S.K.: 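Dropping a structure here in structure tokens format, bear with me for questions.
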Amino acid sequence: EMDDEDCERRRMECLDEMSNLEKQFTDLKDQLYKERLSQVDAKLQEVIAGKAPEYLEPLAALQENMQIRTKVAGIYRELCLESVKNKYECEIQASRQHCESEKLLLYDTVQSELEEKIRRLEEDRHSIDITSELWNDELQSRKKRKDPFSPDKKKPVFSLTFPRPYIVYMLQDLDILEDWTTIRK
């Protein structure tokens, strides 16, 4: 059984003790905060310096991974370069082979064309020999018909009595003989 004074006193003691506990709690909380902050700062300095084990282990794993990837990329690059080099050499070889085959084909074509021309010229020569003999005989027979006592008169080139057309004289001898052999055939 307590009276009002005892209750009041007891209440005051409890309030004092509670405020004292709150003050201690606040001091401890501030002290803990400062300690925690100093620990975080120390860890941060270790990380910045590169000495923190929490930092070094993942860093070592990352560096190892980086080295592996760098080696793989280097090997891949070398293989790509070798592939490109092989393709280049293949293209060079293919173009050389194509050039050689085209050269041989062109050589064969030119050779066959020349052989055909030689054959035609031989045929023309044989036929021209025959026609030129006839032509020469005809010209000699005309010359023999002339009167040896008549004075030599030169006939005009554009005379109407001339036996051949004018355009024939515009052609070269080879063209004339070629036309003559064609007509004779």
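Since the model is a prediction, treat every value here as computed from it, not as a measurement. We number each residue from 1, following the sequence as shown.
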S.K.: Can L56 be reached from I48 by stepping across I, L, V, M, F, W or Y side chains whose heavy atoms are under 4.5 Å apart?
M.R.: no
S.K.: Please identify each residue that fulfils side chain to side chain donor-acceptor pair (under 3.5 Å) with E5, with sequence neighbours left out.
M.R.: none
S.K.: Can you tell me how far CG of L37 sits from CD of Q39, rounded to the nearest 0.5 angstrom?
M.R.: 10.0 Å
S.K.: Considering all heavy atoms of both residues, which atom of P53 and which atom of P58 are nearest to each other, and what is their separation?
M.R.: O-CD, 4.3 Å
S.K.: If you draw a 6.0 Å radius around CD in E54, do more than 12 non-hydrogen atoms from other residues or ligands fall strictly inside?
M.R.: yes
S.K.: Is Y55 reachable from L62 through a run of hydrophobic residues whose side-chain heavy atoms are each under 4.5 Å from the next?
M.R.: no
S.K.: How about Q93: does its CD atom have over 12 heavy atoms from other parts shown lying under 6.0 Å from it?
M.R.: no
S.K.: Rounded at 0.5 Å granularity, tell me how far CD in E35 sits from CD in Q31.
M.R.: 5.0 Å
S.K.: Assess whether a salt bridge exists between K85 and E82, defined as any Lys/Arg side-chain N lying under 4.0 Å from an Asp/Glu carboxylate O.
M.R.: no
S.K.: Can you get from V47 to L59 by hopping between Ile, Leu, Val, Met, Phe, Trp and Tyr side chains that sit under 4.5 Å apart?
M.R.: yes
S.K.: So how far is it from N86 CG to L81 CG, rounded to the nearest 0.5 Å?
M.R.: 11.0 Å
S.K.: Are more than 12 heavy atoms from other residues, nucleotides or ligands located less than 6.0 Å from atom CE of M66?
M.R.: yes
S.K.: Hey, are R119 and E123 close enough for a salt bridge, meaning a charged N less than 4.0 Å from a carboxylate O?
M.R.: yes
S.K.: What is the distance from atom CZ of R9 to atom CG of D3, rounded to the nearest 0.5 Å?
M.R.: 9.0 Å
S.K.: Going from CD on E113 to CD on E115, what distance comes out if it is rounded to the nearest 0.5 angstrom?
M.R.: 11.0 Å
S.K.: Are any of the side-chain nitrogens in E116 or R120 under 4.0 Å away from the carboxylate oxygens of its partner?
M.R.: yes
S.K.: Apply the side chain to side chain contact (heavy atoms under 4.5 Å, CB included) test between Q24 and each candidate in D27, N20, T26; give the one that qualifies.
M.R.: N20
S.K.: Within a reach of under 6.0 Å around CD of Q111, are more than 12 heavy atoms found that belong to other residues, nucleotides or ligands?
M.R.: yes
S.K.: To the nearest 0.5 Å, how far apart are SG in C14 and CE in M12?
M.R.: 11.0 Å
